Engineer: 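Before I ask anything, here is the structure I am working with.
Numbering of ligands and ligand atoms starts at 1, following listing order. This structure is a prediction, so every number in the text was calculated from the model and none was measured.
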Amino acid sequence: MSNPTIAIVGSGPIGSAYARVLLEQVPNARVVMFEAGPQLTEVPGESVRNIPDAGEKARAREMSQGPQAGAYRESLGIPAGTVTEGMFTARQGTHLLDFGGAGSAHATSFPAAAAATNVGGQGAHWTCATPSPAFSEKIPFIADDEWDALIEDAKQLLHVHSAAFADSKIGEAVRSLLDEEFGAELPDGYGVGTLPVAGDPQADGSVRWAGADVVLGPLIDTDSPLSRQFELRALTLVRRVELDGHRVTGVTVEDLRTGETSFVAADIVVVAADAFRSPQLLWASGVRPKALGHYLTEHPVVISTVALDAEKMGQYATAEDLKAELARRAQNPADPVAAVNRIPFSEPEHPFSVQVMYTETTPFPMEPGTPYAENSWGYVNMGYGMRKHPRYEDAVTFDDNEPDYRGFPNMTIEYALTEREESEIARATERLRRAGKALGVFVAEPRLMPNGSSLHYQGTLRMGETDNGTSVADQWSRVWGYENLLVGGNALIPTATAMNPTLMSVAIAVRGARKIAEELGSTRG
Ligand code: FAD
């Protein structure tokens, strides 16, 4: 096909991976990327964590909050800052789907479900943890060799570094204490280690966090010829994917600044608009496979905060080491991060993913005078991420008769943990108690977060090997029965996982994009 046009819905890391791979591999292709939210930073899709000024950073986060951003929220009759009873607050930069106003989704059993609406998507706000899937987390119908190569490609696209902050003596001391407690129980290669993160270590020891900007790479570099084949349209909502029978012909889009609607013809459409809004858009467009929106999974999360014990830490680190750690954190006071450790998922011993982040203050206020309100060695925030085993009945469904705040068929999320999850949560909580004791004293006891808190929503666009009603897309991410309609994102992950999913989803996107490139007549390497 000569001069193919590819329309991409959503500018997060996954839509960006499609744009990059397709433009690098298909000569004369043109990519138009549509993003419902505003551009937050001068460089499109940059992580807001890189913004040094606290006020600017807060403004960028507010702008990403769709219906919960000030003016938008007020137009719905909800004064800014209002939190209605029973309502959870979303993580900064995100907005709840069930926000309690008119046109809000219904998500009583999944109350913390949230999204980000901005150039770069949630990838402008993410923590950048990028572990690789292992054991049964991997997709059974993709061969190991191919999978390993895809993960390497995804790491490059996301600028993943495995040893960020590895020089931190505080991080090392925490690792040593955790290793004393758990090392003997963990399989080789899956012990206590540093957490791989997406970002570029800087000469001063800080990290420039990766967002969709690094994935887009040359596409947003005006010196690169590829930038002339790429167009990003912010504040442009894709209303429908248009079809002629089982072929996609393009998308109908609304310019949110003017309210004008237009049709954009495309040879291929890739929908990468998150795990709730992608299936919603397909539903609204009349693409309704049986599994659409079903098999919803995420990670049940148990979190806690521990005051580090001076004597225990003192076995492995000195006061000077602590000073160096604090100095690094002071470089970005509005978003300090350093010394991130983890214990990865492994089977059968450890079907959990554990993150341990050092912090000099607790994430919640502590009354002066309460025990450990001042703790010279600081604290760690520890979280266990667990599996949710896929079931058809855990689902987002759509109602044609009830429009949401944007006029799409409204969402209802139904979700429940079963005995299987409850038992893994109990095992993980017991381990979290052991970890806490190994490091110091709990100042926040382990607690299970409300459903939806992980922000790692998977399964609603499941990929599968055969079209047997339990998947939405084939193994190259093409919606069954629609060869030029692709889907992307965590929603494609068909397995029960515990690890942060973005790296895996970028790997799946690379595979889908290469297949399309091959069919379009790729000539670039
Ligand atoms: P998104 O990044 O969600 O982007 C989708 C985009 O589509 C959005 O910008 C949205 O506005 C747009 N869109 C939706 N509908 C339409 C439409 N109809 N028309 C046009 N545009 C539309 N993951 C990890 O792996 N590790 C982590 O450490 C981690 N930490 C996180 C921390 C936070 C605070 C948050 C918010 C997320 C975190 N995540 C993490 C999740 C990670 O950000 C997501 O996995 C990733 O961004 C998914 O990429 P995506 O491109 O599929 O979707």
Side-chain angles (χ1 to χ4, degrees), residues 7-19 32-40 44-45 47-49 61 64-66 90-95 112 114-133 154 158 160 195-199 209-212 215 232-241 251-254 256 270-282 284-285 298-299 335 337 340 342 353 355 357 383 385 406-408 453-458 461 487-493 497 499-506 508-509:
I8 297 180
V9 189
S11 66
I14 306 306
S16 301
Y18 267 99
V32 191
M33 178 180 273
F34 300 98
E35 170 52 56
Q39 185 167 324
L40 308 174
S47 170
V48 306
R49 296 171 65 194
R61 286 176 168 156
S64 314
Q65 290 171 200
R91 295 257 287 278
Q92 285 182 339
T94 66
H95 52 92
T117 303
N118 54 272
V119 169
Q122 289 191 38
H125 309 284
W126 70 322
T127 316
C128 298
T130 38
S132 302
L158 284 168
V160 170
L195 181 74
V197 290
W209 300 105
V215 181
L232 168 64
R233 293 198 202 166
L235 288 168
T236 306
L237 179 70
V238 176
R239 288 235 156 251
R240 270 182 79 85
V241 175
V251 287
T252 294
V253 304
E254 179 184 341
L256 294 176
V270 181
V271 178
D274 83 41
F276 292 110
R277 290 179 291 181
S278 293
Q280 185 187 40
L281 179 61
L282 294 195
S285 307
E298 65 145 352
H299 301 140
D335 189 19
V337 183
V340 193
R342 63 141 177 183
S353 178
Q355 247 167 260
M357 327 252 294
R406 301 178 311 168
F408 281 86
S453 297
S454 71
L455 297 164
H456 301 156
Y457 313 133
Q458 301 161 72
L461 297 168
V487 280
N490 304 332
L492 275 99
I493 297 175
T497 69
M499 91 290 151
N500 320 59
T502 310
L503 181 73
M504 180 170 186
S505 299
V506 169
I508 293 171

Engineer: Given Ala273, Gly488, Ser454, identify the one with the heavy atom nearest to atom 15 (N) of ligand 1.
Structural biologist: Ala273
Engineer: To the nearest 0.5 Å, how far apart are CE in Met33 and OG in Ser16?
Structural biologist: 4.0 Å
Engineer: Applying the side chain to side chain donor-acceptor pair (under 3.5 Å) test to Thr117, which of Glu35, Gln122, Arg277 qualifies?
Structural biologist: Arg277
Engineer: Does at least one non-hydrogen atom of Arg239 fall below 4.0 angstrom from an atom of ligand 1?
Structural biologist: no
Engineer: So which heavy atom in the protein is nearest atom 11 (O) of ligand 1, and how far is it from that ligand atom?
Structural biologist: Glu35 OE2, 2.6 Å
Engineer: Between Ser353 and His299, is any pair of side-chain heavy atoms under 4.5 Å apart?
Structural biologist: no
Engineer: With a cut-off of 4.0 Å, which atoms of ligand 1 are near a heavy atom of Asn500?
Structural biologist: 24 (C), 25 (O), 26 (N), 27 (C), 28 (O)
Engineer: Any idea which atoms of ligand 1 are less than 4.0 Å away from a heavy-atom of Gly489?
Structural biologist: 52 (O)
Engineer: Side chains of Cys128 and Arg49: closer than 4.5 Å at any heavy-atom pair?
Structural biologist: yes
Engineer: Within the 4.5 Å heavy-atom criterion, are Leu282 and Leu461 side-chain neighbours or not?
Structural biologist: yes
Engineer: Identify, for atom 25 (O) of ligand 1, the protein heavy atom at the shortest distance, and state residue, atom and that distance.
Structural biologist: Thr502 OG1, 2.7 Å
Engineer: With atom 7 (O) of ligand 1 as the reference point, say which of Ala115, Ala509, Gly10 has the nearest heavy atom.
Structural biologist: Gly10
Engineer: Which atoms of ligand 1 sit under 4.0 Å from any heavy atom of Ala116?
Structural biologist: 8 (C), 9 (O), 10 (C), 11 (O)
Engineer: Measuring from non-hydrogen atoms of Thr236 to any atom of ligand 1, is the shortest distance under 4.0 Å?
Structural biologist: yes
Engineer: Any chance you could lay out the side chain to side chain contact (heavy atoms under 4.5 Å, CB included) test for His456 and Thr497, step after step, and finish with the verdict?
Structural biologist: CA-CA 10 Å; His456 301 156; Thr497 69; over 6 Å; no
Engineer: Going by the atom numbers of ligand 1, which of them fall below 4.0 Å from some non-hydrogen atom of Leu237?
Structural biologist: 17 (C), 18 (N), 19 (N)
Engineer: Could you tell me whether the side chain of Ile493 reaches within less than 4.5 Å of the side chain of Ile508, counting heavy atoms only?
Structural biologist: yes
Engineer: Once you restrict to heavy atoms under 4.0 Å, what part of Asn118 touches ligand 1? Side chain, backbone, both or neither.
Structural biologist: backbone
Engineer: Could you tell me the residue and atom name of the protein heavy atom closest to atom 40 (C) of ligand 1, and the distance to it rounded to 0.1 Å?
Structural biologist: His456 NE2, 3.6 Å
Engineer: For atom 5 (C) of ligand 1, what is the nearest protein heavy atom, given as residue, atom name and distance?
Structural biologist: Ala272 O, 3.6 Å
Engineer: Just to be sure I'm reading this right: ignoring hydrogens, which of His125, Arg277, Arg406, Met33 gets closest to atom 10 (C) of ligand 1? Compare them by their nearest heavy atoms.
Structural biologist: Arg277
Engineer: Among all protein non-hydrogen atoms, which one is nearest to atom 35 (C) of ligand 1, and what is the separation to 0.1 Å?
Structural biologist: Leu455 CD1, 3.5 Å
Engineer: Heavy-atom contacts with Gly12 under 4.0 Å: which atoms of ligand 1 show up? List them by number with element.
Structural biologist: 2 (O), 4 (O), 51 (O)
Engineer: Please determine whether any non-hydrogen atom of Ser505 lies less than 4.0 Å from an atom of ligand 1.
Structural biologist: no
Engineer: Could you check whether any side-chain heavy atom of Val9 comes within less than 4.5 Å of a side-chain heavy atom of Val270, counting everything from C-beta outward?
Structural biologist: no
Engineer: Verify, without hydrogens or angle tests, whether Trp209 (side chain) and Val197 (backbone) share a donor-acceptor contact under 3.5 angstrom.
Structural biologist: no
Engineer: Are His125 and Ser64 close enough that a side-chain donor and a side-chain acceptor fall under 3.5 Å?
Structural biologist: yes
Engineer: For atom 49 (O) of ligand 1, what's the nearest protein heavy atom and its distance?
Structural biologist: Pro13 CD, 3.4 Å
Engineer: Which residue and non-hydrogen atom of the protein lie closest to atom 38 (C) of ligand 1, and at what distance in Å?
Structural biologist: Trp126 CB, 3.4 Å
Engineer: Under a 4.5 Å cut-off applied to non-hydrogen side-chain atoms, are Arg406 and Glu254 in contact?
Structural biologist: no
Engineer: For atom 28 (O) of ligand 1, what's the nearest protein heavy atom and its distance?
Structural biologist: Ala129 N, 2.9 Å
Engineer: Is there at least one pair of N or O atoms, one from Cys128 and one from ligand 1, spaced under 3.5 Å apart?
Structural biologist: yes
Engineer: Looking only at non-hydrogen atoms, which of Val238, Leu195, Thr94 approaches atom 18 (N) of ligand 1 most closely?
Structural biologist: Val238
Engineer: Heavy atoms only: which of Arg240, Gln280, Gln122 lies closest to atom 37 (C) of ligand 1?
Structural biologist: Gln122
Engineer: Any heavy-atom pair between the side chains of Asn490 and Tyr457 that's under 4.5 Å?
Structural biologist: no
Engineer: Tell me, with the steps shown, if Thr130 and Asn500 meet side chain to side chain contact (heavy atoms under 4.5 Å, CB included).
Structural biologist: CA-CA 6 Å; Thr130 38; Asn500 320 59; over 6 Å; no
Engineer: Any nitrogen or oxygen of Ser11 lying under 3.5 Å from a nitrogen or oxygen in ligand 1? Just yes or no.
Structural biologist: no
Engineer: What atoms in ligand 1 come closer than 4.0 Å to a heavy atom of Gly123?
Structural biologist: 2 (O), 43 (O), 47 (O)
Engineer: Does even one non-hydrogen atom of Gly93 get within less than 4.0 Å of ligand 1?
Structural biologist: no
Engineer: Mark up the atoms of ligand 1 that fall under 4.0 Å of a heavy atom belonging to Val9, in ascending order.
Structural biologist: 17 (C), 19 (N), 20 (C)
Engineer: Would you check if Val506 and Val215 make a side-chain contact, meaning some heavy-atom pair closer than 4.5 Å?
Structural biologist: no
Engineer: With atoms numbered from 1 as shown, which atoms in ligand 1 lie under 4.0 angstrom from a non-hydrogen atom of Asn490?
Structural biologist: 44 (C), 45 (O)
